[in-house]
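For reference, the structure is listed below as structure tokens.
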2 protein chains.
Amino acid sequence: MAPLDIDVARSRLLDAAEGLFYARGIQAVGMDDIRTGSGVSLKRLYALYPAKEQLVEAYLRRRDVRWRGRLAAHVEAVDGPRERILAVFDWLGEWFREPGFRGCAWINGYGELGTTSEVVARLAREHKLAFAAYLEDLVRAAGLPETLAPQVLLLAEGAMVTAGILGTDAPAAQARSAAAVLVSSAAPGA
Amino acid sequence: MAPLDIDVARSRLLDAAEGLFYARGIQAVGMDDIRTGSGVSLKRLYALYPAKEQLVEAYLRRRDVRWRGRLAAHVEAVDGPRERILAVFDWLGEWFREPGFRGCAWINGYGELGTTSEVVARLAREHKLAFAAYLEDLVRAAGLPETLAPQVLLLAEGAMVTAGILGTDAPAAQARSAAAVLVSSAAPGA
DNA sequence: AGTGGGTGAGAACGTGCGTTCTCTGCGTAA
DNA sequence: TTACGCAGAGAACGCACGTTCTCACCCACT
């Protein structure tokens, strides 16, 4: 029964890590907290992730896949290439309203450990580049000029940061209407 | 000679604190580092700031005044109320290009200690609200609709975050041109 | 039933750091 | 010149936490 339990232990650990790291910050969570939160013994924890940084890395990687997956699922349920660009901000608004929302995990992680941990800094860059690439795809699919994509990115990043710090979901709608203006202005034909 | 030295000690401490906290993050800097960097003895350090959190607070307060002062000085040297809004992004670009630029101290501080330290969380909110209020002033002075101000704020915040994480100054120009579109679209008369 | 390997609980270890304490030396006043 | 007090250097203390170790338990196999 050992191999099966390994997968169970891994996912319990990542669940606990994600809940705790995101809610409190990485440095504020001790390995004992992970152990208590997951029910997985310290011995097994260290067998699966030999150091805290590797658990942090696994947490950020899994969250990246899930975060971008949820975004893409929401966007792709919308019809019309231009509407899809705006749907990004609708999804951000839903996310901001979730209980426990506390800003972007990568922005927070970068602020906390960008200097100390090369891994965290790199994962934050990769996540933002992947998000930027996704927005480029949306803009290209809409036949709009590529210069629009980074502008939409900045609106989204600004919305995440501002919603996190001020604790309000208003930035989602504000960014959405700004993006709508940019999309309309950028449109070559109506 | 005591009273004079107090001011000297205070400013040396804040200079060291600002350099170290901003460059490495708050938790990564020990009180011994502050002592070494400032040349002020631990005894005096604790006489002036009885706990690390108070030094952090003083650092963020002084930086807030200086940061907004530098921004305002740059903006007010520009003629034309609409050009002033765009000048915000020119100044951001200059800031991003400064050696040692590492993102926004309040965004980083919020990511690092927003959960742990009520003081840091409050100062981050206050700083962002003050910045938002300044942008509102600029928008109002240009006779543009007030809904423009939070949109410009999001572009600026997104530019700071993205420039910090990706280590490029490109977001300043991208945000500037997005803001130019928003300003033009919002203008009631030409 | 008896034995061995592996597992969980948690004690233990080492380190880093915020904060305080000690001691030494120097400048000042009589 | 001598006694006093303040300041600086840095040792010391207490705690938190990442990581490792110990030990007792349980289950499989004979």
Side-chain angles (χ1 to χ4, degrees), chain A residues 1-60 109 112-120, chain B residues 1-60 109 112-120:
Chain A
M1 87 192 196
L4 252 187
D5 268 358
I6 281 182
D7 289 343
V8 173
R10 228 186 267 273
S11 89
R12 283 207 196 146
L13 283 171
L14 289 178
D15 289 346
E18 176 152 20
L20 291 166
F21 286 153
Y22 179 71
R24 296 192 210 156
I26 293 168
Q27 306 200 63
V29 173
M31 294 300 261
D32 267 2
D33 298 321
I34 302 281
R35 175 236 156 105
T36 302
S38 66
V40 173
S41 73
L42 272 187
K43 195 176 199 171
R44 225 137 129 95
L45 200 177
Y46 274 93
L48 292 171
Y49 301 101
K52 186 181 186 183
E53 192 170 56
Q54 305 187 34
L55 180 61
V56 171
E57 178 170 2
Y59 145 60
L60 288 174
E112 190 176 352
L113 295 168
T115 302
T116 305
S117 162
E118 188 47 53
V119 172
V120 171
Chain B
M1 87 192 201
L4 251 185
D5 270 358
I6 283 183
D7 289 343
V8 173
R10 229 187 266 273
S11 88
R12 283 206 197 147
L13 283 171
L14 290 178
D15 290 346
E18 177 153 17
L20 292 166
F21 286 153
Y22 179 71
R24 294 193 212 156
I26 293 168
Q27 307 201 65
V29 173
M31 295 301 261
D32 267 2
D33 297 323
I34 302 281
R35 176 236 155 105
T36 303
S38 66
V40 174
S41 73
L42 271 186
K43 195 176 200 172
R44 229 140 125 98
L45 199 178
Y46 275 93
L48 292 171
Y49 301 101
K52 186 181 185 183
E53 192 171 56
Q54 305 189 32
L55 181 61
V56 171
E57 177 170 2
Y59 145 60
L60 287 174
E112 191 177 352
L113 295 168
T115 302
T116 306
S117 163
E118 187 47 52
V119 171
V120 170

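The structure presented is a predicted model; accordingly, all values stated were derived computationally and were not measured.
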Which side-chain N or O atoms in residues 16-29 of chain A pair as donor and acceptor under 3.5 Å with protein atoms at least two apart or in another chain?
residue, atom, partner, partner atom, Å
Glu18(A), OE1, Arg62(A), NH2, 3.1
Glu18(A), OE2, Arg63(A), NH1, 2.9
Tyr22(A), OH, Arg102(A), N, 2.6
Tyr22(A), OH, Gly103(A), N, 3.3
Tyr22(A), OH, Gly103(A), O, 2.6

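The side-chain hydrogen bond (donor to acceptor under 3.5 Å, both in side chains) contacts involving residues 28-41 of chain B comprise nothing, where partners must be two or more places apart or lie in separate chains. Sorted by first and then second residue, the ring pair (Phe, Tyr, Trp, His ring centres under 6.0 Å) pairs involving residues 24-47 of chain A (not counting sequence neighbours) form an empty list.
Residues meeting the side chain to side chain donor-acceptor pair (under 3.5 Å) test with Gln54(B), sequence neighbours left out: none. With sequence neighbours left out, Glu53(B) forms a salt bridge (charged side-chain N to carboxylate O under 4.0 Å, His left out) with no residue at all.
Between the CG atom of Leu45(A) and the P atom of dT20(D) there is a distance of 12 Å, rounded to whole Å. Across the protein-nucleic acid pair, Gln54(A) atom CD and dG18(D) atom C1' stand 13 Å apart, rounded to whole Å. Arg44(A) has its CZ atom 11 Å from the P atom of dA9(C), to the nearest Å. A straight line from CZ of Arg35(B) to C1' of dA11(D) spans 11 Å, rounded to a whole angstrom. Note: CG (Leu55(A)) to C1' (dT19(D)) measures 14 Å, nearest angstrom.
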Worked check of side chain to side chain contact (heavy atoms under 4.5 Å, CB included) between Leu14(A) and Leu55(A): CA-CA 8 Å; Leu14(A) 289 178; Leu55(A) 180 61; 4.2 Å; yes
Leu13(A)/Leu48(A) under side chain to side chain contact (heavy atoms under 4.5 Å, CB included): CA gap, chis, key distance, verdict: CA-CA 9 Å; Leu13(A) 283 171; Leu48(A) 292 171; 3.9 Å; yes
Grab the N/O contacts between the protein and nucleotides 15-19 of chain C below 3.5 Å, and write none if there aren't any.
residue, atom, partner, partner atom, Å
dG18(C), OP1, Lys52(B), NZ, 2.7
dG18(C), OP2, Met31(B), N, 2.7
dT19(C), OP2, Tyr46(B), OH, 3.1
dT19(C), OP2, Lys52(B), N, 2.9

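One axis for each end of the helix from dA1(C)-dT30(D) to dA30(C)-dT1(D), each built from five base pairs, and the angle between them comes to 20° at 10° resolution.
Surrounding CZ of Arg10(A) are more than 12 heavy atoms belonging to other residues, nucleotides or ligands, all under 6.0 Å away.
For Ser41(B), counting side-chain heavy atoms from C-beta on, the closest listed nucleotide (dG10(D), dC23(D), dG8(D)) is dG8(D).
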